[in-house]
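See structure below.
The chains referred to below are lettered A, B, ... by the order of the sequence lines, with proteins before strands, and numbering in each begins at 1. None of these values were measured; they are calculated from a predicted model.
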Amino acid sequence: MGFPNLVTERETSSEESSSSEDEGENIVVDDSENEEEEEEEEEEAQEEVVETKKREKKPITISLKKVCKVCKKAGHQAGFQGATYIDCPMKPCFLCKMPGHTTMTCPHRVATEHGVLPASPRNARHSVNFVFERQLRPNVPAIKPAFVVPDHVDCGVIRYHSRRVTCLEFHPTNNNILLSGDKKGQLGVWDFIKVSEKTVYSSVHTCILNNMRFSSVNHGTIYAASSDGTISCTDIETGFSESLMDLNPNGWHGPSSWRMLYGLDINAEKGLVLVADNFGFLYMLDARTNGRTGGPILIHKKGTKVVGLHINPVQPELLLSCGNDHFARLWDIRRLEAGSSICDLAHRRVVNSAYFSPQTGSKILTTSQDNRLRVWDSIFGSLDSPSREIVHSHDFNRHLTAFRAEWDPKDPSESLVVIGRYISENYNGVALHPIDFIDISNGQLVAEVMDPNITTISPVNKLHPRDDVLASGSSRSLFIWRPKDESEHVEQKVEWKILTCGKSGNNSSRKGDSDDSDDGLLGLKGKKLKRRRIQIKSSQKDQRALVL
DNA sequence: ACGCCATGATTCC
DNA sequence: TGGAATCCCTGGCG
């Protein structure tokens, strides 16, 4: 039984060395209170742990010591040091999930060009390939236009949701209307130009509104899929709502039988509404009669959630689905039956979203819980492996809506993508979670957008189909961002119109207070942040330097 | 202001 | 296969 001893030795020695390193070169952590006597005690505790090994009960001594809250070992501590989060070194990197380093030293940090992992085998850019693509996309511009990144909280912040925002949708024709859904199933309609013009429909659904899509024939109505097991079709003017389908007509009989609806999309050509549930099934409804067409079809592993559906914008027969079985799948809806997928795109973890590119429909972008965005450059080429994987922090646990990378529908080169970031960064002493703009053709971080007033994570983001506007959902709040107009040298005219309703009033007033009281501090930080927010491409190292 | 709790969904064992 | 554990969350309560 030399093995446990060996383990003990290794662990203690590594800790000793790490703690001594911490004093010197490693800037990072460690309370200097870690005196020698304590270390001895820690070693004892360590041995105890190893001896008990089966972790029946924690030795009481542990609770007396400062111990890492993640791995319960002594000698280091995970957690915030000011606005900087220190990872537990015993765990794999929180960003890229590889062992041997932490987020601080991760080569993928801040999604620079290092963040791009070429797939193996790499999709070579043969000239044949290029011609092929050129044929498919005759209108592809020769030179990629400069991205316009909405970066400045402009006209409004709104808080009418009483629970976290789960999805956003811009009106297809009215430029100023934003729809939002929340965890409670409420549907918000907001005219963000007339900031105070807002409506909340609370009786559309009874729990999480997972996805919504405007009707292709009537721009005044929106379809929504909810965890209450129904699809709603709501008139956004009147709030009149019709339920198209109820998967739980007999009510609640426990979680094993309760059906929830997640993925939703519309096939305009055939007038179909497609939805998918938490058991792996797809349902199709006729948008004209609002009746079901055919029975449920198993499109993902039985019993797993299908979180996303997307109809190809150019070939409406093509359907892309994704879900908790770690796959995104491509389907021909004319021949749709269990196991008939055209292609299965494997991922290492749950796939939060899968989208065709918005204009040509020839690219695929997925967001997976393994902290990687995946890009397939052409659905007409080989789909065996993604053309690129981009490491980006967007895994999550509780309380957060799943992150989804969203295309910029205006970008003719179909390479600009927006996605919120999970891990925070220390920006002038404030831990903020930026919203990232990523060029998926090369994996570069085009811009990181943040505001010192927004300290919560923004997992829900959507770019406007026509204007340079970004809408974000962060916790219960909605934000509208626009590019800062450089010609106007207006003095910091950030008008924070925090509109609230319901019981969130407390918070908003608290927020207002802190804005006032922190005046100098926040204002200054805000200014500095805004000035340097956008660093287009060029050198990522410079950006890093600027940020720190 | 602080600490504690619940929460959800997934992964791990 | 079920049940335990779970790192940067959010909000509410005492």
Side-chain angles (χ1 to χ4, degrees), chain A residues 28-29 53-58 67-73 76-97 99 102-104 106 109-110 159 161-166 182-184 207-208 210 227 254-256 258 260 262 278-279 301-307 323-326 347-352 368-371 392-403 420-427 430-434 450 454-460 473-477 500 502-511 513-514 517-518:
Chain A
V28 197
V29 253
K53 200 158 181 164
K54 301 267 176 175
R55 51 153 58 179
E56 303 122 35
K57 275 177 196 170
K58 288 174 210 161
V67 129
C68 172
K69 66 176 177 184
V70 177
C71 69
K72 312 285 188 259
K73 297 208 172 94
H76 66 273
Q77 270 189 290
F80 275 104
Q81 300 273 320
T84 307
Y85 192 92
I86 309 298
D87 279 338
C88 170
M90 301 296 167
K91 290 276 183 170
C93 173
F94 199 64
L95 209 201
C96 74
K97 309 299 178 195
T102 65
T103 311
M104 290 295 264
C106 179
R109 195 167 163 219
V110 195
R159 257 214 193 184
H161 287 287
S162 54
R163 288 290 181 274
R164 58 165 218 249
V165 172
T166 53
D182 73 18
K183 189 171 175 277
K184 257 191 164 175
C207 63
I208 309 185
N210 290 307
S227 289
S256 57
W258 184 262
M260 308 187 243
Y262 284 84
N278 58 330
F279 288 102
K301 187 180 173 188
K302 197 166 187 176
T304 65
K305 211 159 74 175
V306 183
V307 290
N324 285 16
D325 65 350
H326 299 19
H347 293 67
R348 288 185 49 241
R349 287 287 161 80
V350 167
V351 189
N352 294 346
S368 171
Q369 286 283 58
D370 66 355
N371 268 356
H392 178 265
S393 170
H394 54 252
D395 61 338
F396 69 104
N397 35 18
R398 302 170 282 209
H399 298 131
L400 292 178
T401 305
F403 290 83
R421 197 192 302 173
Y422 180 33
I423 45 175
S424 63
E425 196 78 45
N426 182 344
Y427 295 97
V430 191
L432 299 175
H433 308 268
M450 85 292 286
I454 305 172
T455 53
T456 47
I457 296 171
S458 307
V460 191
S474 190
S475 182
R476 304 177 333 197
S477 305
T500 55
K503 53 179 179 173
S504 50
N506 275 347
N507 278 319
S508 83
S509 66
R510 193 162 51 81
K511 187 145 204 157
D513 290 349
S514 75
S517 61
D518 272 347

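The cationic atom of A:K91 (NZ for Lys, CZ for Arg) does not lie both less than 6.0 Å from the six-membered ring centre of A:F94 and within 45° of the ring axis.
Side-chain rings of A:F396 and A:Y422 stay apart, their centers remaining 6.0 Å or farther from each other.
In this structure, A:R349 atom CZ and B:dA9 atom P are separated by 17 Å, rounded to whole Å. Here the P atom of nucleotide C:dC7 and the CD atom of A:Q369 are 15 Å apart, to the nearest Å. Between the P atom of B:dA9 and the CZ atom of A:F396 lies a distance of 8 Å, rounded to the nearest Å. Taking atom CG of A:L400 as the reference point, atom C1' of B:dA6 lies 15 Å away to the nearest angstrom. In this structure, A:N371 atom CG and B:dT11 atom P are separated by 13 Å, rounded to whole Å. Rounded to whole angstrom, the span from the NZ atom of A:K91 across to the P atom of B:dT11 amounts to 14 Å. Atom CD of A:Q77 and atom P of C:dC8 are 15 Å apart (whole Å). Residue A:D325 contributes atom CG, which lies 11 Å from atom P of B:dT11 at whole-angstrom precision.
The closest side-chain donor-acceptor pair between A:S477 and A:R159 falls under 3.5 angstrom. Judged by distance alone, the side chains of A:T84 and A:N426 do bring a donor and an acceptor atom under 3.5 Å apart.
Across every strand in view, C:dC13 sits in a pair with B:dG3 that passes the Watson-Crick or G-U test at under 3.5 angstrom. Base pairing annotation: C:dC7 forms no Watson-Crick or G-U wobble pair, as no partner gives both donor-acceptor distances under 3.5 Å.
Take the nearest nucleotide of DNA chain B for A:K305 and for A:R398: the residue whose nucleotide is more 5' is A:R398.
Closest to the A:I457 side chain, of the nucleotides C:dC8, C:dG12, C:dC9, is C:dC9. Of the candidate nucleotides B:dA9, C:dC7, C:dG12, C:dG12 has the atom nearest to the side chain of A:R476. Nearest nucleotide to the A:T456 side chain, out of C:dC8, B:dT11, C:dT10: C:dT10. Each of C:dC7, B:dA9, C:dT10 was ranked by its minimum atom distance to the side chain of A:D87; first place goes to C:dC7.
If you check distances only, the side chain of A:Y422 never reaches the base of C:dC9 with a donor-acceptor pair under 3.5 Å.
Here A:S393 lies out of heavy-atom contact (under 4.0 Å) with every strand. Residue A:R164 is classed as having no contact, given no heavy-atom separation below 4.0 Å to the nucleic acid. Using a 4.0 Å heavy-atom criterion, one finds that A:I423 contacts the bases of the nucleic acid, with or without backbone contacts as well.
Between A:R163 and the phosphate of B:dG8, there is no side-chain N or O to OP1/OP2 separation shorter than 4.0 Å. Of the side-chain N and O atoms in A:R348, none sit less than 4.0 angstrom from OP1 or OP2 of B:dT10. At B:dT10, one or more side-chain N or O atoms of A:N324 fall inside 4.0 Å of OP1 or OP2 (strictly under the cut-off). For A:S475, a side-chain nitrogen or oxygen approaches OP1 or OP2 of C:dG11 to under 4.0 Å.
The one candidate from A:R421, A:R349, A:K97 that meets the salt bridge (charged side-chain N to carboxylate O under 4.0 Å, His left out) condition with A:D395 is A:K97.
Classified by interplanar angle (parallel below 30°, tilted 30° to 60°, perpendicular above 60°), the ring pair A:F403/A:H394 is tilted.
By the criterion of a centre-to-centre distance under 5.5 Å and near-parallel planes under 30°, the ring of A:F80 forms no stack with the base of C:dC8.
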